[in-house]
Chemist: 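Just dropping this structure here.
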Amino acid sequence: MTTTGDIESTSDGAPRDPRDRVERYQPTAIEPRWQARWADLRLYDTDLDDRSKPRFYLLTMYPYPSGALHIGHWYIKTPTDAIARYKRMHGFNVFLPIGFDAFGLPAENAAIKNNINPRDWTMANIEKMRGQLRSMGATFAWDHEVVTCDPEFYRWNQWMFLQFLKKDLAYRAVSPVDWCPNDGTLAREQVEGTDRVCWRCGAKVEKRELPQWYLGITDYADELLDFSGIDWPEPIKAMQTNWIGRSTGAEVAFTTAPSAHHAGGEELRVFTTRPDTLFGATFMVLAPEHELVATLTAPERKAEVDAYVAAAAAKTEIDRLSTDREKTGVAIGADAINPVNGARIPIYIADYVLGTYGTGAIMAVPAHDERDFAFAQAFGLPIVQVVMPPDGDPEADLAAAFTEHSPDEVMVNSGRFTGRKATDAWGEIVDWLGEQGKGEPAVTYRIRDWLISRQRYWGTPIPVIHCTDCGPVAVPEADLPVLLPETVDYRGSGDNPLTRDEAFLAVDCPQCGKAARRETDTMDTFIDSSWYWFRYLSPHFAEGPVDVDLVRDWTPVDQYTGGAEHAVMHLLYSRFFTKAMRDLGLADAREPFRRLFNQGQILGADGERMSKSRGNVEDPDALVARYGADAVRLYLMFMGPWDQGGPWSAGGISGPVKFLNRVWALTIDPHGREPGDQTGGALPAGEEEHDARDRMRAAAHRTLRDVTEDYEGFRWNTMVAKLMELSNLLVRYRGTSVAGLPEWDEAVRLLLLMLAPAAPHITEELWSRLAEARGEAWESIHVQRWPVVDEAAIVEQTREIPIQVNGKLRDRITVPAGISEIELEQIIMARDKVVAAIGEKQVARLIHAGGGRLVNIVLRG
RNA sequence: GGCGAAGUGGCGGAAUGGCAGACGCGGCGGUCUCAAACACCGCUGAGGGAAACCUCGUGUGGGUUCGAAUCCCACCUUCGCUACCA
């Protein structure tokens, strides 16, 4: 270290900046050097078989290789790296893998545009992004990298699909599906917003009737509602719960009434969550696509009904909604019979009843359902109140549907149930229907099975062969992987080129041996992300998708970090896959991620989502080149709470930059003083050397205690603030007589250790220089143990106590720490300000609050 | 419409029943410098006052409490998700 401690000695020569004699902080010189050194030493390779330390599987959502990292990647990944480093300093064997979500449409679009293979485009991007990820100084276990477009990975997508087929967890069905002109078919949860657009490309989605492959996620609906044993953010659990949408109720069998054109007696089942309102059903509504519409429609109504059905079928969901909830429908000229009272009620079709939910038919109870109420009003249908508050009028005209369903409500106009509490009667009615074989308890879900077929090239081929005789036949496991053809003929079109690739298509049926055709759909890329963290453990394992022993030791993941935008997609699929894999004996945990943290999103300076088209994208490479990775890491952590995100503003980065410069100066030049320093190297007024030494120790250990808590809770912003506070104190003592004393050295050492996980390069550099100055051998700061708080150092001799009168701050006194309440009260009551604030009033009592932290004097009157 | 999150200085934010505004940005004044930049020191919620201090102040209105940014009730605003789910 180069320190002389005496700046006056330079002043007799030509005037010059005294700081020039000290080396300045140059992050761009330091950072690549340490990154290379860490890599050479294999400092962050994880030995997964090491049983001497507790394991910690830290996972962060893998990036899509779009071509460049953006600041959002830094926002999630650098604090995650800080967690890894912090946990290592606590003796954990930390596994922090990284990989690439390498299948997907952008590669295909690039291929069409530039007439190159999507693989080449993808792999070039990956190579570039690897370099960018390294520039973060993050401790990723690169030797476990997974790239999902590698056959070594996607063959196991195919293998698992075959296992799912055997268990009927994968199946093919023809049904109306959401079709995006760019991405092909989409799963239900991949269509967003009121105007029904594709989650990825934003194009409007239309309905198509197609044969498609599904995974039976609904089989696991109930288990997916159980979040016990995992520590996830409440909003995500709420979103998943809403998405799964479990409704308990009953299926009730209405029957068709005999009429001129129909014999009657046919069952019409409805699902209801309100069996207690059965007596109020005044009509019935079928979805236009309901299978019985054709047979039940009266001849004279046929033309109108057919027209309505055709119109509904032609309408996309967009159009259905654009009618702004105005109810439309047509009576079909047939009646149904209500099983509870034998009432004949007319049957309508209306598009507000969905064919895909429940039974596709409802009993309409206009008095107690807003939609039914609106329909009844529009069509002049009777409205009969059957549930009301205890003081209600059963014959009153309702202005709106009465949907309250609390223990107070009583039933009216309901035959033998009249006068009963509605909540009590709910179950009895279901039981009563059950005894007569006219209904039973039922549960329905909003969630649909996961549609995984995509009409795209750049994905995992679905391992199925279509034979004219045998139908769809699974590719034998021995024939896996079904490889994507290397050369692709796009002919400038956006179609799936597999459909034109005769070499790919032509194959013999594995069952009968006749000429057959391969399935050309590929899998939704969310399949890849549904289990990639299992593969990280053994990326080259050839005997199966996962090494079951490693999975047992290392999963579930201890901590997962990533965005909340995947709440009902990736984060739900992953839970499903884990449970399905468990049932295949591939995993033994029922949940994938023990703890989940959703960071916020970094927006552009304009407060909008960052996007190239808006021109508000912040380039992390440029920031790193200018300020260094440590400053960028620290600034992102310092911005605000991690789960909050917020608009980017480059201005604030100067704070962390200045902080790092001070840490640098404190460490390599403790005796130096800045040229404008007006303190003359003196301690703060009234402070003796021993006071200063105590203060440094106390501050360092109090900071350690608080910062440790902040690390545990991922509260980076306050963590950085507290380190800044400590460094501010040391800056004040720099160049004074206490700089360089043991308490100073300890405070600097603790400051570096506490900062190390967040700013790994500068701390490593300074740590090495401290070792060098002491003539010790270098040992990385990142393999040091996290320091231990000395509670004795924090204990203070005196305390400052705020004094309130009637809750208003009136005075502050400094007293010895161990003072008794009686002594304290004597001092307080003698204070001028307190006496003045009390005035003529009487003191009612004194409150010693918060364990002696504050005193409040309460006055009478 | 439903579910969820959040409203605090000029700005990002801290404080989750006990001193509101930690820490930082920006701003103002000073030191250093021939000068500027950097760096360093001080001030910086609003109003009043020469000052000591006083009053007001955490979206709005009420409530609980000795004491409320924090807890409760009602409302307003913003953001995210959802969208006729019977």
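Chain A is the first sequence line, chain B the second, and so forth, proteins listed ahead of strands; every chain is numbered from 1. Everything numeric here is computed off the predicted structure, so don't read it as measured data.
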Chemist: Is a donor-acceptor pair below 3.5 Å formed from side chain A:K722 to base B:C23, judging by atom type as modelled?
Modeler: no
Chemist: Within this structure, what is the CE-to-P distance between A:M363 and B:A86, rounded to whole angstrom?
Modeler: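 That distance rounds to 12 Å.
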Chemist: With heavy-atom distances below 4.5 Å as the criterion, would you say the side chains of A:I347 and A:V285 are in contact?
Modeler: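 SC-SC contact between A:I347 and A:V285 ruled out.
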Chemist: Which part of the nucleic acid, if any, lies within contact of A:T356, taking any heavy atom under 4.0 Å across all strands shown: a base, the sugar-phosphate backbone alone, or nothing?
Modeler: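 Counting heavy atoms under 4.0 Å across all strands, no contact is made by A:T356.
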Chemist: Take atom CE of A:M719 and atom P of B:A14, then tell me their distance rounded to the nearest Å.
Modeler: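 Going from A:M719 (CE) to B:A14 (P), I get 14 Å.
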Chemist: Taking the six-membered ring for Trp, are A:F597 and A:W642 ring centroids under 6.0 Å apart?
Modeler: yes
Chemist: Choose from B:C66, B:C23, B:C81 the nucleotide whose nearest atom is closest to any side-chain atom of A:M239.
Modeler: B:C81
Chemist: As a test of reading the structure: which of B:U82, B:G18, B:A14 is closest to the side chain of A:W243, going by heavy atoms?
Modeler: B:U82
Chemist: Can you list everything that forms a side chain to side chain contact (heavy atoms under 4.5 Å, CB included) with A:F379? Sequence neighbours excluded, please.
Modeler: A:Y348, A:F375, A:L381
Chemist: Can you measure A:L854 atom CG to B:G17 atom C1' for me and round it to whole angstrom units?
Modeler: 11 Å
Chemist: Of all residues at least two apart in sequence or in a different chain, which pass the ring-ring contact (aromatic ring centres under 6.0 Å, His included) check with A:Y445?
Modeler: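 Counting only residues at least two positions away or on another chain, A:Y445 forms no ring-ring contact (aromatic ring centres under 6.0 Å, His included).
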Chemist: With sugar-phosphate meaning primed atoms plus P, OP1 and OP2, does A:R446 contact a base, only sugar-phosphate, or nothing at under 4.0 Å between heavy atoms?
Modeler: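 Base, at least one base heavy atom under 4.0 Å.
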Chemist: List in chain and number order the residues that pass salt bridge (charged side-chain N to carboxylate O under 4.0 Å, His left out) with A:E796, two or more places apart in sequence or in another chain; answer none if no residue qualifies.
Modeler: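 Scan of A:E796 (salt bridge (charged side-chain N to carboxylate O under 4.0 Å, His left out), adjacent residues dropped) gives A:R702.
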Chemist: Please identify each residue that fulfils side chain to side chain contact (heavy atoms under 4.5 Å, CB included) with A:L809, with sequence neighbours left out.
Modeler: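 Checked A:L809 against side chain to side chain contact (heavy atoms under 4.5 Å, CB included); matches are A:P802, A:R812.
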Chemist: Between B:A69 and B:A15, how far apart are the two P atoms, rounded to whole Å?
Modeler: 16 Å
Chemist: Looking across every strand, which nucleic acid part, if any, lies under 4.0 Å from A:Q804 by heavy atom: base, sugar-phosphate, or nothing?
Modeler: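 If one applies the 4.0 Å heavy-atom cut-off, A:Q804 turns out to touch a base.
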Chemist: Choosing from B:A86, B:C23, B:C84, which nucleotide comes nearest the side chain of A:E725?
Modeler: B:C23
Chemist: Can you give me the N/O atom pairs linking the protein to nucleotides 40-43 of chain B at distances under 3.5 Å, or say none if there are none?
Modeler:
| unit_1 | atom_1 | unit_2 | atom_2 | d |
| --- | --- | --- | --- | --- |
| B:C40 | OP1 | A:R662 | NE | 3.1 |

Chemist: Starting at atom OH of A:Y627, determine the distance to atom P of B:C38, rounded to an integer number of angstrom.
Modeler: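 Between P of B:C38 and OH of A:Y627: 12 Å.
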Chemist: Between side-chain atoms of residues 720-731 of chain A and protein atoms elsewhere (two or more places apart, or another chain), which donor-acceptor pairs fall under 3.5 Å?
Modeler:
| unit_1 | atom_1 | unit_2 | atom_2 | d |
| --- | --- | --- | --- | --- |
| A:K722 | NZ | A:D710 | OD2 | 2.7 |
| A:S727 | OG | A:M724 | O | 2.9 |
| A:N728 | OD1 | A:R662 | NH1 | 2.9 |
| A:N728 | ND2 | A:M724 | O | 3.4 |

Chemist: Mind calculating the distance between CG (A:L572) and C1' (B:U82) to the nearest angstrom?
Modeler: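 Going from A:L572 (CG) to B:U82 (C1'), I get 15 Å.
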Chemist: Could you tell me how far B:A14 sits from B:C23 if I compare only their C1' atoms? Round to whole Å.
Modeler: 8 Å
Chemist: Taking the P atom in each of B:G48 and B:G10, what is the distance between them to the nearest angstrom?
Modeler: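 The same atom, P, in both gives a distance of 16 Å.
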Chemist: If you measure from the P atom in B:A20 to the same atom in B:U70, how many Å do you get, rounded?
Modeler: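 Result for the P pair: 14 Å, nearest Å.
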Chemist: Can A:H566 and A:N598 be counted as having a side-chain donor-acceptor contact under 3.5 angstrom?
Modeler: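 Side-chain D/A pair, A:H566 to A:N598: absent.
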Chemist: Roughly how many Å is it from CD in A:E234 to P in B:G4, rounded to a whole number?
Modeler: 10 Å
Chemist: Using the purine O4'-C1'-N9-C4 or pyrimidine O4'-C1'-N1-C2 torsion, is B:G9 syn (within 90° of 0) or anti?
Modeler: syn
Chemist: Test of understanding: with salt bridge (charged side-chain N to carboxylate O under 4.0 Å, His left out), list the residues that count as partners of A:R246, not counting sequence neighbours.
Modeler: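 Salt bridge (charged side-chain N to carboxylate O under 4.0 Å, His left out) check on A:R246 returns A:D222.
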Chemist: From C-beta outward on A:D351, which listed nucleotide comes closest to its side chain: B:G18, B:C84, B:G13?
Modeler: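 Shortest atom-to-atom distance from the side chain points to B:C84.
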Chemist: OP1 or OP2 of B:C38 less than 4.0 angstrom from a side-chain nitrogen or oxygen of A:N661, does that happen here?
Modeler: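 False: A:N661 side-chain N/O out of range (4.0 Å or more) of B:C38 OP1/OP2.
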Chemist: I want to verify a distance call: between B:A86, B:G18, B:C23, whose nearest atom is closest to the A:A849 side chain?
Modeler: B:G18
Chemist: For B:C11 and B:G47, measure between their P atoms and round to the nearest Å.
Modeler: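 The same atom, P, in both gives a distance of 15 Å.
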Chemist: Can you tell me if A:W648 and A:E618 form a side-chain donor-acceptor pair at under 3.5 Å?
Modeler: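 Note: A:W648 and A:E618 side chains meet the donor-acceptor criterion.
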Chemist: Going by heavy atoms in the side chains, are A:M363 and A:I345 under 4.5 Å from each other?
Modeler: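 In short, these two side chains do not touch, never coming nearer than 4.5 Å.
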Chemist: Measure from the side chain of A:K327, starting at C-beta and using heavy atoms only, and say which of B:A5, B:C84, B:A86 lies closest.
Modeler: B:C84
Chemist: For A:A665 versus A:R734, what's the shortest heavy-atom pair and its separation?
Modeler: O-NE, 3.7 Å
Chemist: What's the OH-P distance between A:Y635 and B:G26, to the nearest Å?
Modeler: 10 Å
Chemist: List in chain and number order the residues that pass ring-ring contact (aromatic ring centres under 6.0 Å, His included) with A:Y573, two or more places apart in sequence or in another chain; answer none if no residue qualifies.
Modeler: A:W450, A:F526
Chemist: Strictly below 4.0 Å, heavy-atom distances to any atom of RNA chain B: list the hits from residues 637-649 of chain A, or just say none.
Modeler: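 Correct list: A:F638, A:M639, A:P641, A:Q644.
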Chemist: Send over the distance from A:N598 CG to B:C81 C1', rounded to a whole Å.
Modeler: 13 Å
Chemist: Treating primed atoms plus P, OP1 and OP2 as sugar-phosphate and everything else as base, which nucleotides of nucleotides 53-58 of chain B get B, S or - for protein heavy atoms under 4.0 Å?
Modeler: SSSS--
Chemist: Using atom C1' of each nucleotide, how far apart are B:U60 and B:C66 to the nearest Å?
Modeler: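 26 Å, rounded to whole Å.
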Chemist: Give a yes or no on this: more than 12 heavy atoms of other residues, nucleotides or ligands lie within 6.0 Å of atom CD of A:E825.
Modeler: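 Yes, enclosed.
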Chemist: Name the closest nucleotide to the A:I362 side chain, picking from B:A14, B:A86, B:G26.
Modeler: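 My answer, after comparing the listed nucleotides, is B:A86.
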Chemist: Would you measure the distance from the P atom in B:A6 across to the matching atom in B:C71 and give it in whole Å?
Modeler: 10 Å
Chemist: Using the criterion of both pairing distances under 3.5 Å for Watson-Crick and G-U wobble pairs, give all stems of 3 or more consecutive pairs involving RNA chain B.
Modeler: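 Expected stems, ordered by start: B:1-7 with B:76-82, B:10-12 with B:23-25, B:26-31 with B:39-44, B:45-48 with B:53-56, B:59-63 with B:71-75.
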Chemist: Do we get A:R274 above A:W426's six-membered ring, with its NZ or CZ under 6.0 Å from the centre and within 45° of the axis?
Modeler: no
Chemist: Of the options B:A5, B:A22, B:C66, whose atoms approach the side-chain atoms of A:P235 most closely?
Modeler: B:A5
Chemist: Between A:R274 and A:R845, who's closer to the 5' end of RNA chain B by nearest nucleotide?
Modeler: A:R845
Chemist: Sequence neighbours left out, what passes side chain to side chain contact (heavy atoms under 4.5 Å, CB included) with A:S649? Give chain and number order.
Modeler: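 Applying side chain to side chain contact (heavy atoms under 4.5 Å, CB included) to A:S649 gives A:Y635.
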Chemist: If each of A:V858 and A:R246 is mapped to the nucleotide of RNA chain B with the nearest heavy atom, which maps nearer the 5' terminus, i.e. the 5' end?
Modeler: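 The residue mapped nearer the 5' terminus is A:V858.
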Chemist: Is the closest side-chain donor-acceptor distance between A:T328 and A:Y352 under 3.5 Å?
Modeler: no
Chemist: I'd like the C1' distance from B:C34 over to B:G21, given in whole Å.
Modeler: 42 Å
Chemist: Under 4.0 Å, counting only non-hydrogen atoms across every strand here, what does A:N242 touch: a base, just sugar-phosphate, or nothing?
Modeler: sugar-phosphate
